[in-house]
Amino acid sequence: MALSANLFLRQSQSLVMTPQLMQSIQLLQMTHLELMHFISQEVERNPLLEMTADDGDLGGEIPDNADRHGSTSQQETHADDTAAAPSLDSDWYEHGASERLSDRLDTNYDTAFTDEGSAQRPDAPELLGQWKSMPGQSGEGSEGFDLDDFVAGQISLRDHLNQQVPFALTSAPDQLLAAVLIDHLDEAGYLRADLGEISARLGLSLADIECVLKTLQTLEPAGVFARSLSECLTIQLQQRDRCDPAMAVLVDNLELLAKRDFATLKKICGVDEEDLIDMLAEIRKLNPKPGSSFEHSVSESVTPDIVVRPDGQGGWQVELNPDALPRVLVNHSYMAAVGRKGASKETPDQAFMSECLQNANWLTRSLDQRARTITKVAAEIVRQQSAFLDHGVDHLRPLNLKTVADAIKMHESTVSRVTTNKYMMTPRGLFELKYFFSVSIASAEGGDSHSAEAVRHRIRTLITQESPEAVLSDDDIVDQLKSGGVDLARRTVAKYREAMNIPSSVQRRREKRAMAKVSAG
């Protein structure tokens, strides 16, 4: 059969992931900080985009026809999510906003400072002198004073120890060795280094290193430079003059203390129950992480994306948090100015500005679609979990992604992206949207199923309310849950208890009795 080339016309359908579609999906799963960072980069690249922090930045209220996202109640959440984004009023942007900004900003070049530092205004020299005398002003080109100049400095653990070393060690070689050992401290103040390796690397004897280390262990905070928890507690007890032979044996057997095996501890320490209680009270006063007080980790605040409030009619109102909404405007006046400049022919500037306008319109539509989708998903979650908002964790219903996706006519992957790293502020606190999704646990009486989170809350409540004389075993918890309509196996109770870092009934009984005696003493 001879080979030949032929032309065929075929028609097919396929789903193509365009770059803009991929960016829309990425926008949907971005957190608030990631979204603000992405928009800031777009504003830097696109001259038609303007971002405002809030309504007050423009000196007045933004009109209703500006590009902004409003609140949505539960009844409005089933609106068409493909609706077009609100249009921008270019006249308002060109005249209203620019006039209000010109009232607040000095845009008169006649009153601007000259290169020599003089000015046309009579008070310009005084103002210039005050400006140059501000902290952080380094001369021409400075944008303003640095707020970091007014922040108190924070001393780290290494700085604190380096200040004490010259008073504890006098010779230069010992001070250099101390600097090496300080570099091997972790954040808790423990020495994480092999002394044999340091000895071989520096050419020093192990005895000399041990001698310097012994001196460094006397520095503040007490317990620093320890190589284990037992050594850390021993150093602190020695400085308190409480490291007697019985206490030393107790510190050497911390694994028995973790197991609450007080009977064995009394036997190997050679003390009675009263002395053991005193020793345990002394141990509780020690700091197992002496360097933790010097940790200066930056706390990250969580901005809720959704705010839920009572609507006054027995229901709940779901609205987007204004603080989490980026306000992005399109500068149509700038686009019109560029168009008038090259109206006679197509210029590279016009082609660039047309591309920028297309990207800007896409971004505003994507942000509006993102806000609508988040509101839809959040409103459906509130509708499903309204009993939780009314009565608490015990009434949290089992919920999965498919239930929410089917209710709002979206795909499960979309719901998953929306609920990832998004937070909801409710009258009962701040919760991640993923918190409201929980597996289902069958009811013992054939009624409605229970949420796993609600069952964990019941187990935690039962254990918290138990007394030292009536500590509940896992079988007892199973019986009480079954009497409350929850059918749960013993191994599942044990799994939930261990996941919440709750010890067994034997360990809890020992700890509660010891704590009761300490409190009574």
Between [X] and [Y], does at least one N-O distance fall below 4.0 Å, as a salt bridge requires?
{"X": "Arg240", "Y": "Glu282", "answer": "yes"}
{"X": "Arg192", "Y": "Asp186", "answer": "yes"}
{"X": "Arg508", "Y": "Glu466", "answer": "yes"}
{"X": "Lys266", "Y": "Asp272", "answer": "no"}

Side chain to side chain donor-acceptor pair (under 3.5 Å) partners for [X], two or more places apart:
{"X": "Thr264", "result": "Asp261"}
{"X": "Asn253", "result": "none"}
{"X": "Asp244", "result": "Arg242"}
{"X": "Arg45", "result": "Glu42"}

Looking at residues at least two apart in the chain, or sitting in another chain, which of them share a salt bridge (Lys or Arg N to Asp or Glu O under 4.0 Å) with Asp194?
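For Asp194, no residue satisfies salt bridge (Lys or Arg N to Asp or Glu O under 4.0 Å) once neighbours in sequence are set aside.
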Going by salt bridge (Lys or Arg N to Asp or Glu O under 4.0 Å), name the residues that satisfy it together with Arg456, two or more places apart in sequence or in a different chain.
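Testing Arg456 for salt bridge (Lys or Arg N to Asp or Glu O under 4.0 Å), a comparison that skips the adjacent residues, returns Glu453.
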Pick from Leu176, Leu161, Val165, Ile198: which one makes a side-chain contact (heavy atoms from CB on, under 4.5 Å) with Leu181?
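Answer to the side-chain contact (heavy atoms from CB on, under 4.5 Å) test with Leu181 among Leu176, Leu161, Val165, Ile198: Ile198.
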Hydrogens and angles aside, do Ser505 and Ser473 bring a side-chain donor and acceptor to less than 3.5 Å of each other?
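Side-chain D/A pair, Ser505 to Ser473: absent.
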Would you kindly say whether Gln29 and Glu34 are connected by a side-chain donor-acceptor distance under 3.5 Å?
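Absent: no donor and acceptor within the cut-off.
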Between Phe436 and Phe388 (judged by ring centroids, cut-off 6.0 Å), do the two rings come close enough to count as a pair?
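Phe436 vs Phe388: aromatic centres under 6.0 Å.
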